[in-house]
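Reviewing the structure listed below.
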Amino acid sequence: MAVLVLWWRQDDSPIDEQIWAGMIAAAKAGSPRHAETQFSASGESYRAFALRTYASEPVPLRQLADGSLVLAALRHEACDQELLSPPRTEAAATIRLEPEAKRLTLSRDALGQRTLVWCRINGGVLVASREELLLPHPDVPRQTNLAFLAARAAFVQGREGDTALQAVQTLAPGELLQISPEGERRERHLPEPDPWVAGKTERQLVARFFELLQAALLRAHADAQRPTLTLSSGFDSSALAALWHHAGRPGGTLNAVNYGFSRDGEIDERPYARDLARRLDLQLSQINAADFPPAVLQSTCPQPLNHPEFDCYHALNQRIAELAQAAGSDVVLTGGYADHMGYGGHRWCIDALKRGRFDIILRGYGRLLLRRGVVDAWREPGWRLLLKSLGPAYMRQPWSAPEWLLPKWRHEFAELAQRQSAQFADWPDPQRAVFHLRSAHAAQDGLFNSMMEVHGLDYRHPFRDYDLIRFLLALPAHMLARPLRNKWIAKQALTGILPQQWIKPAKRGMLGTTLLRECEQAWPAISAGLRGGECEWMQIVDANSVQSSLAKSRVVSWFDPALRAHLLQLWISANRGKLGL
């Protein structure tokens, strides 16, 4: 996304040009590709600077006819009238300064796909696209925000507006903030469930899903110069490839990158991807992921302050970036966020029971019994999970933060979850609505985008489209899942467009296994680092819980508290100089 920096003096005092030069230098150094196209503007009370980081993105700084200045990180070109009427549903963050009226207006898109942070300083306001761009200013305090780090370490939604710095705030998704002599004014725009869904048949809903997903794909494809598709050969990215082909291959041949490996008996994805590329006329590049193992011991790339989690697959992602850029791409399409359509093992069943749709349950499990018999059906993990999840004890389980956090943070996150659920009390499924919004916002800024923008790529997620999310929020649970079949509506919609072997794919090779091996090999160093207590010093992690985890097993999973604490430790070490720790 475009790099934006604004310094506005509300009291009309002079701006220190040396400090401003330092902020510009930080913006240039921190841009993903050290973009060549830069823009600047200045007035008696302000300085503004912007970098266009992708060739396909609109001009990030413009002077409007009414005399106001606009800095914008946009995905698609916008007219002046659109810039004057935020918030937007497409990915955007805008800064509008009206010097004569002494008014500053900040806005962020409804799904939070573009970031915007701001900070009050003596006599003025600083605004930027990332926290670290504000640090060269000596008036910006560097105290670390422990609540933000604790939320990120636990992968939960923290307090809206928090950043890694106590003095710096971020705009919430869909928020508009206006600062003027009269004070601050805030508005908020969030996705509402699509009212069109009410009273529609399953066939109509399936058809509508198809239309919305294809429209989302074409929007993500628009304005891009020969985009690349990350093709995992699973259902989600394969569905996007099939929809592109069905739409008439807009823009010509689609470039695709696929990675896989064959080790320890796992299925290699690459033959499946080659087959699909041949069927759909994709230009395919393939990578052996075993050649790019994850690195979990040290920082492998500069980490933004808003992303205290290391890109363990930095080498692999760098190779994907190289192949995309060699094909002339700076925009990458991905099936990411499609997993947020899925339901757990019981919600679809409860929904079907409430609506009298016994046929869904009987038909699904009836086929399972006929095909496998009673004994094999009972061995099916999904069946056992369903029975367990329908039990009263399971249904009464409250949401709670991970036990390895200190009690202070566990209690705070539990209260936040309760308040967020209460916001959606009138929706068809309040817990589902909260889950969707957390997932779409991805803890404020999209973790995956933060990692990939380091490599100079604009990642676009058709499954994260505003209209599609509104539609999904309104759907009954049984439209998203059926017995042992997740993403039911998506798979129904793609039947006849995508071959069945991709709609019901076999288990593919998973990169998580390589991470497990790397963790096991690095375990002595990880455990020694954790015993050093830096995360305990940060007052985030419960040391006893982490030590208990260390005692149980040398092999950890991605979600293991010890690995989380270790990654947070590495982030603290990498940013110690920036934060004055």
Cationic N near anionic O, under 4.0 Å, [X] to [Y]:
X: E82; Y: R88; result: yes
X: E187; Y: R185; result: yes
X: R470; Y: E192; result: no
X: D236; Y: K487; result: yes
X: D465; Y: R460; result: no
X: E17; Y: R47; result: yes
X: R114; Y: E90; result: no
X: D80; Y: R62; result: yes
X: E131; Y: K578; result: no

List in chain and number order the residues that pass side chain to side chain donor-acceptor pair (under 3.5 Å) with R226, two or more places apart in sequence or in another chain; answer none if no residue qualifies.
->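 R226 satisfies side chain to side chain donor-acceptor pair (under 3.5 Å) with no other residue.
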
Positive for side-chain hydrogen bond (donor to acceptor under 3.5 Å, both in side chains) with S180, one of E184, E182, Q178 |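 So the option named by the test is E182.
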
Test log, rule side-chain contact (heavy atoms from CB on, under 4.5 Å), inputs W488 and E202 | CA-CA 11 Å; W488 183 86; E202 286 190 356; 3.7 Å; yes

Do N258 and Q286 pass the side chain to side chain donor-acceptor pair (under 3.5 Å) test, and can you show the C-alpha distance, the side-chain angles, and the key distance before you say yes or no?
-> CA-CA 5 Å; N258 161 258; Q286 293 194 297; 2.8 Å; yes

May I ask you to decide if the ring planes of W7 and H137 are parallel, tilted or perpendicular, using 30° and 60° as cut-offs?
->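 Judged by the thresholds at 30° and 60°, the geometry between W7 and H137 is perpendicular.
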
Take the angle between the ring planes of Y337 and H461 and call it parallel below 30°, perpendicular above 60°, tilted in between.
->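 Because their plane-to-plane angle is over 60°, the rings of Y337 and H461 count as perpendicular.
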
Go through T228 and V331 one step at a time and tell me if the side-chain contact (heavy atoms from CB on, under 4.5 Å) criterion holds.
-> CA-CA 6 Å; T228 289; V331 168; over 6 Å; no

Run the side-chain contact (heavy atoms from CB on, under 4.5 Å) check on M23 and L126 step by step: do they pass?
-> CA-CA 11 Å; M23 296 178 72; L126 299 176; 4.1 Å; yes

Side-chain donor-acceptor pairs of residues 238-247 under 3.5 Å, sequence neighbours excluded:
from, atom 1, to, atom 2, distance (Å)
S238, OG, G234, O, 2.6
W244, NE1, P250, O, 3.3
H246, ND1, Q214, OE1, 3.4

